[in-house]
Amino acid sequence: MYISKSERNLHKKKALLVSIIGVLVIFVSIGLILVLTPQKADAKQNKFDGIEIDLACKKIETENPPTDFESEKSFDYRFNSEPVFQKSNLSGELMLVNPSYNEYFMTVEITNENDDLMYYSKPIPSGYCIDKVKLVNDFETGTYQATINISAVDKESLEVIESKNENITITIK
């Protein structure tokens with residue numbers, strides 16, 4: 001069967017048109033999927049009132065302040081003063097808590113007796129905690145006397161309002 005040149009060109013044009021339409025359908029489908037699918041990356045950014053907070057933060061139940069707490073002049077916090085960290089993954093239960101009655105965000109920095117940085121956090125909102133943390137550097141097994149610096153940070157300007165230093169004993173097993 002003989003097909004004329006004009007019929008072959010017509011078949012080529014139809015095949016090209018079908019191919020172009022197919023590619024367009026694929027691109028439109030991908031675009032719709034990207035637009036309509038919730039972005040997991042946004043959830044991992046962990047924003048609080050537009051400020052990037054520590055990814056490890058978890059919401060805690062509302063607490064009543066102690067009777068001697070003066071909300072405009074005080075800053076309260078809790079942490080495990082003798083955390084144990086695993087050498088294999090450098091994680092341990094520091095149990096950082098910024099109680100819900102605080103007016104400020106909280107940031108934390110831990111340094112050992114040689115002033116080597118062991119851990120630091122991004123802002124932790126009031127009413128949030130961080131149970132487990134990971135040390136920023138690899139340390140030998142043993143017990144370290146360290147200092148934990150806990151700062152009250154303004155929620156809008158991120159300016160440090162007040163800082164407190166406490167002793168902490170870190171054990172790495």
Side-chain angles (χ1 to χ4, degrees), residues 34-173:
L34 291 174
V35 168
L36 298 177
T37 303
Q39 300 297 317
K40 293 182 180 179
D42 289 344
K44 288 191 174 187
Q45 285 179 359
N46 222 2
K47 299 270 184 177
F48 186 90
D49 289 342
I51 295 173
E52 187 176 343
I53 63 172
D54 201 294
L55 288 173
C57 285
K58 296 188 317 188
K59 184 86 172 131
I60 58 174
E61 291 187 29
T62 303
E63 306 171 71
N64 291 322
T67 53
D68 61 343
F69 186 79
E70 298 177 36
S71 65
E72 292 187 20
K73 298 178 184 173
S74 296
F75 176 68
D76 203 6
Y77 54 86
R78 290 191 301 278
F79 65 93
N80 178 2
S81 63
E82 296 182 349
V84 176
F85 289 80
Q86 300 304 313
K87 176 76 173 150
S88 60
N89 60 8
L90 300 176
S91 70
E93 293 188 5
L94 191 55
M95 308 296 284
L96 298 168
V97 177
N98 187 0
S100 57
Y101 51 84
N102 275 340
E103 284 189 38
Y104 304 108
F105 283 179
M106 176 173 94
T107 58
V108 176
E109 183 177 289
I110 299 175
T111 53
N112 68 10
E113 59 270 4
N114 298 324
D115 276 342
D116 297 322
L117 182 66
M118 298 184 85
Y119 171 76
Y120 68 93
S121 74
K122 290 184 179 178
I124 304 165
S126 55
Y128 283 76
C129 73
I130 298 178
D131 295 333
K132 286 190 172 206
V133 302
K134 187 172 182 176
L135 299 177
V136 296
N137 293 308
D138 190 14
F139 291 91
E140 295 298 319
T141 57
T143 301
Y144 294 84
Q145 297 306 313
T147 301
I148 184 168
N149 174 274
I150 300 176
S151 298
V153 178
D154 183 81
K155 292 178 181 182
E156 293 176 13
S157 69
L158 297 181
E159 181 181 323
V160 175
I161 304 300
E162 177 183 357
S163 284
K164 296 180 181 178
N165 289 326
E166 302 231 13
N167 294 326
I168 184 170
T169 302
I170 294 181
T171 302
I172 300 176
K173 290 185 175 183

[X] side, atom [atom1]; [Y] side, atom [atom2] - distance, nearest 0.5 Å:
{"X": "N167", "Y": "E113", "atom1": "CG", "atom2": "CD", "answer": "11.0 Å"}
{"X": "N98", "Y": "T107", "atom1": "CG", "atom2": "OG1", "answer": "10.0 Å"}
{"X": "N112", "Y": "N137", "atom1": "CG", "atom2": "CG", "answer": "9.5 Å"}
{"X": "M118", "Y": "I172", "atom1": "CE", "atom2": "CD1", "answer": "4.5 Å"}
{"X": "L135", "Y": "Q86", "atom1": "CG", "atom2": "CD", "answer": "11.0 Å"}
{"X": "I161", "Y": "K155", "atom1": "CD1", "atom2": "NZ", "answer": "11.5 Å"}

Ring pair (Phe, Tyr, Trp, His ring centres under 6.0 Å) against Y144, all qualifying residues, sequence neighbours excluded: F139
Mind checking whether [X] and [Y] have side chains closer than 4.5 Å, heavy atoms only?
{"X": "Q145", "Y": "T169", "result": "yes"}
{"X": "S126", "Y": "E103", "result": "no"}
{"X": "K134", "Y": "L90", "result": "yes"}
{"X": "N149", "Y": "V160", "result": "no"}
{"X": "V133", "Y": "F85", "result": "yes"}
{"X": "Y104", "Y": "V153", "result": "no"}

Could you tell me which non-hydrogen atom of [X] sits nearest to which non-hydrogen atom of [Y], and how far apart they are?
{"X": "L117", "Y": "V136", "value": "O-CG2, 3.5 Å"}
{"X": "E109", "Y": "T111", "value": "OE2-CG2, 4.0 Å"}
{"X": "F105", "Y": "P123", "value": "CD1-CB, 3.6 Å"}
{"X": "L94", "Y": "I110", "value": "CD2-CD1, 3.6 Å"}
{"X": "S121", "Y": "M106", "value": "OG-O, 4.4 Å"}

How are the rings of F79 and Y77 set relative to one another: parallel (under 30°), tilted (30 to 60°) or perpendicular (over 60°)? parallel
Check whether any side-chain N or O of [X] sits under 3.5 Å from a backbone N or O of [Y] as a donor-acceptor pair, and report yes or no.
{"X": "D154", "Y": "E156", "value": "yes"}
{"X": "N80", "Y": "E93", "value": "yes"}
{"X": "N102", "Y": "D76", "value": "yes"}
{"X": "E162", "Y": "A152", "value": "no"}

Is it the case that T147 and E166 place a side-chain donor and acceptor less than 3.5 Å from each other? no
For atom [atom1] of [X], decide whether the heavy atoms of other residues, nucleotides or ligands shown that lie under 6.0 angstrom number more than 12.
{"X": "E140", "atom1": "CD", "result": "no"}
{"X": "K59", "atom1": "NZ", "result": "yes"}
{"X": "K132", "atom1": "NZ", "result": "no"}

So, using salt bridge (Lys or Arg N to Asp or Glu O under 4.0 Å) as the criterion, who are the partners of D116 when residues are at least two apart? none
